[in-house]
Amino acid sequence: MKHTAWGALDDAKIQSALLGIAILHVKLALEHSNKNTLSCRKEVIRAEIQRLRMERDRILERRV
């Protein structure tokens, strides 16, 4: 998948989509790591991060 990711960066649309996913993933990870984040919210965050990973993989698979 590493080579596929590099190839995907040649396409501006895909690059933009992957960047948006990465930014949201980082924001969610930061919120998850906050000691004040409730456990129920952390569960929602984990599910959303999993959804983002699946979306990223789907985008990269189309590039193969």
Side-chain angles (χ1 to χ4, degrees):
M1 177 163 348
K2 189 186 292 185
H3 297 350
T4 305
W6 284 110
L9 294 178
D10 291 338
D11 186 321
K13 230 176 171 180
I14 291 174
Q15 182 181 16
S16 178
L18 291 174
L19 182 60
I21 289 170
I23 289 169
L24 184 52
H25 186 144
V26 169
K27 286 180 181 180
L28 289 168
L30 285 172
E31 182 182 351
H32 187 278
S33 68
N34 185 327
K35 67 179 180 177
N36 295 322
T37 302
L38 298 174
S39 60
C40 59
R41 175 65 183 148
K42 286 184 178 189
E43 188 175 325
V44 171
I45 290 170
R46 284 191 295 271
E48 180 64 10
I49 287 175
Q50 182 60 30
R51 188 194 67 75
L52 291 172
R53 287 176 177 155
M54 291 170 51
E55 178 67 15
R56 177 205 59 205
D57 291 345
R58 187 184 63 75
I59 290 169
L60 293 175
E61 285 172 4
R62 284 190 299 184
R63 293 292 298 167
V64 175

- prompt: What distance separates Leu60 CG from Arg62 CZ, expressed to the nearest 0.5 Å?
  reply: 9.5 Å
task: Indicate the atoms forming the closest heavy-atom contact of Ile59 with Ala17, along with that distance.
output: CD1-CB, 3.9 Å
message: Return the NZ to CG distance between Lys13 and Leu18, rounded to the nearest 0.5 Å.
response: 13.5 Å
- line: Nearest heavy-atom approach of Leu52 to Leu28 is CD1-CD1, 3.8 Å
message: Does anything in residues 27-42 form a salt bridge (Lys or Arg N to Asp or Glu O under 4.0 Å)? List the pairs, not counting sequence neighbours.
response: Glu31-Arg41
field: Check against salt bridge (charged side-chain N to carboxylate O under 4.0 Å, His left out), Glu55 and Arg58
entry: CA-CA 5 Å; Glu55 178 67 15; Arg58 187 184 63 75; 2.4 Å; yes
message: Is there a continuous path of hydrophobic side-chain contacts, each under 4.5 Å between heavy atoms, that joins Ile14 to Leu24?
response: yes
message: Applying side-chain hydrogen bond (donor to acceptor under 3.5 Å, both in side chains), can you list everything that pairs with Arg51, at least two apart in sequence or on another chain?
response: Glu48
